[in-house]
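Read through the structure below, which is laid out as structure tokens, and then see the notes.
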Protein chains: 2
Amino acid sequence: MIAAVKGRHPTPAQSKVAALRSRLRASGLRATPARLAVLSFLESASRPVSHADLVEALADSGIDRVTLYRNLTDLTQVGLVRRADLGDHVWRFESAQSKSGHAEHPHFTCVECGEIACLSEASVRIAQGKGIPRSATRALEIQIRGLCDRCS
Amino acid sequence: MIAAVKGRHPTPAQSKVAALRSRLRASGLRATPARLAVLSFLESASRPVSHADLVEALADSGIDRVTLYRNLTDLTQVGLVRRADLGDHVWRFESAQSKSGHAEHPHFTCVECGEIACLSEASVRIAQGKGIPRSATRALEIQIRGLCDRCS
DNA sequence: CGATTTATTGCAACCAAGTTGCATATACGG
DNA sequence: CCGTATATGCAACTTGGTTGCAATAAATCG
Ligand SMILES: [Mn+2]
Ligand SMILES: [Mn+2]
Ligand SMILES: [Zn+2]
Ligand SMILES: [Zn+2]
């Protein structure tokens, strides 16, 4: 273990952190503990995460809530993270890493229980036509609200 | 009605107010000046209206901002109005009158200039399939963000 | 018409989410 | 290691929205 720390074979955890670190650096951001924690949490989340979620998850890390806000907006600005309001007035963030199936995709929110699901890119088709901005067919964000299977 | 009692024909403006009044009453709400003003403004708007829009539009009416908040939520609760967050963290309201083409419909927001457009009901198709809640095809609200024709 | 009942309003206080200013700390290139 | 630009913590502030309560005014009924 100590040998590994000293630079022999990196553990999986170490190389994951190193990867995050270099993605941050490549985006022009410094790799601070707070940013590593935020990005790594977002990376492991299976659905978009709110600032409140993050505050709770990193409660005992001693990171200030303002730092979390700033980290989230910084990460969003450089494109490492995407921000969306899924229709319930709460900003949610998700990793924008295009590998690991995290390309831009539509989201579904249950108006009853609040459950959020990531849909596949292909699941929504927008028709061309009068009154529809041509560019809507190249929509950046699509979000759907309704009743989930459990609630309907 | 009063005009009839007085033996005159109601002006268009009078009958419009009378209609609003009776729609409010039919929904179990009292027809107050504030509600008539709000509903009538929403009715004449061509796109969803925020609380701030309303405060501005009715600035000199002397109606308190809290009353406007309460009116909007009351009207939404009884179904005369629909509320949506079009992805920018602002609640917007539109008349739910199903005649005059105001059925539930998708909305498009330009991420650049903020312009909002109401799309036709048929313009968005949601595919059936794995990972897609069956009920998503009966979505209640659909909202699309992207660049409008002018901004793209 | 009043008088009575009850929903609605105004106002002030409050709250939560998010932002900003600034002094201090720290990442990182040299 | 140092110097410097970037990032953080903390407090103050802003914005959008809610709540409690006393005063007001719709509706209902005789
Ligand atoms: Mn997603
Ligand atoms: Mn509309
Ligand atoms: Zn549900
Ligand atoms: Zn635009």
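Throughout, a chain's letter reflects where its sequence line sits, starting with A, and its residues are numbered from 1.
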Seminar exercise, completed: Readout for nucleotides 21-30 of chain D: B = base within 4.0 Å of protein heavy atom, S = sugar-phosphate only, - = neither; 5' to 3' it is ----BBSS--
Problem set entry | side-chain contact (heavy atoms from CB on, under 4.5 Å) partners of B:Thr109, counting only residues at least two apart |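 By the side-chain contact (heavy atoms from CB on, under 4.5 Å) rule, B:Thr109 matches B:Leu86, B:Ile116, B:Gln143, B:Arg145.
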What is the distance from [atom1] of [X] to [atom2] of [N], rounded to the nearest Å?
X	N	atom1	atom2	result
A:Asp74	C:dA27	CG	C1'	15 Å
B:Leu75	C:dT9	CG	P	10 Å
A:Phe93	C:dA17	CZ	C1'	11 Å
A:Leu58	D:dT8	CG	P	13 Å
A:Arg35	C:dT26	CZ	P	15 Å
A:Leu68	D:dT8	CG	C1'	11 Å
A:Arg92	C:dG18	CZ	P	11 Å
A:Asp88	C:dA16	CG	C1'	15 Å

Exercise. Looking across every strand, which nucleic acid part, if any, lies under 4.0 Å from A:Ala34 by heavy atom: base, sugar-phosphate, or nothing?
Worked result: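 The residue A:Ala34 makes sugar-phosphate contact but no base contact.
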For this session: Remember a base hit wins even if backbone is also touched, and classify A:Gly62 as base, sugar-phosphate or nothing at under 4.0 Å, heavy atoms.
Result: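 Contact class for A:Gly62: sugar-phosphate only.
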Exercise. Given side chains that start at C-beta, do those of B:Cys118 and B:Pro106 come closer than 4.5 Å, heavy atoms only?
Worked result: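 Counting from C-beta outward, B:Cys118 and B:Pro106 never come under 4.5 Å.
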For this session: Answer whether the closest heavy-atom distance between the side chains of A:Val55 and A:Leu68 falls below 4.5 Å.
Result: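 Sidechains of A:Leu68 and A:Val55: in contact.
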Exercise. Can you tell me how far the CG atom of A:Leu29 sits from the CG atom of A:Leu80, to the nearest 0.5 Å?
Worked result: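 That separation rounds to 6.5 Å.
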Exercise. Hey, is A:Arg150 close enough to A:Glu115 for a salt bridge, meaning N to O under 4.0 Å?
Worked result: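 The answer is yes: the pair qualifies as a salt bridge.
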Problem set entry | salt_bridge(A:Glu94, A:Arg47) N-O dist < 4.0 Å |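 Salt bridge: no.
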For this session: Assess whether ring pair (Phe, Tyr, Trp, His ring centres under 6.0 Å) is satisfied between B:His89 and A:Trp91, documenting all intermediate values.
Result: CA-CA 8 Å; B:His89 241 170; A:Trp91 291 124; 4.0 Å; yes
For this session: Select from B:His89 and A:Asn71 the residue whose nearest nucleotide in DNA chain D is closer to the 5' end of that strand.
Result: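 So the residue in question is A:Asn71.
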Among [options], which nucleotide has an atom closest to any side-chain atom of [X]?
X	options	answer
A:Val66	C:dT19, D:dT18, C:dT9	C:dT19
A:His51	C:dG18, C:dT8, C:dG10	C:dG18
B:Arg65	D:dA7, D:dC10, D:dG17	D:dG17
B:Tyr69	D:dG16, C:dG18, C:dG10	D:dG16

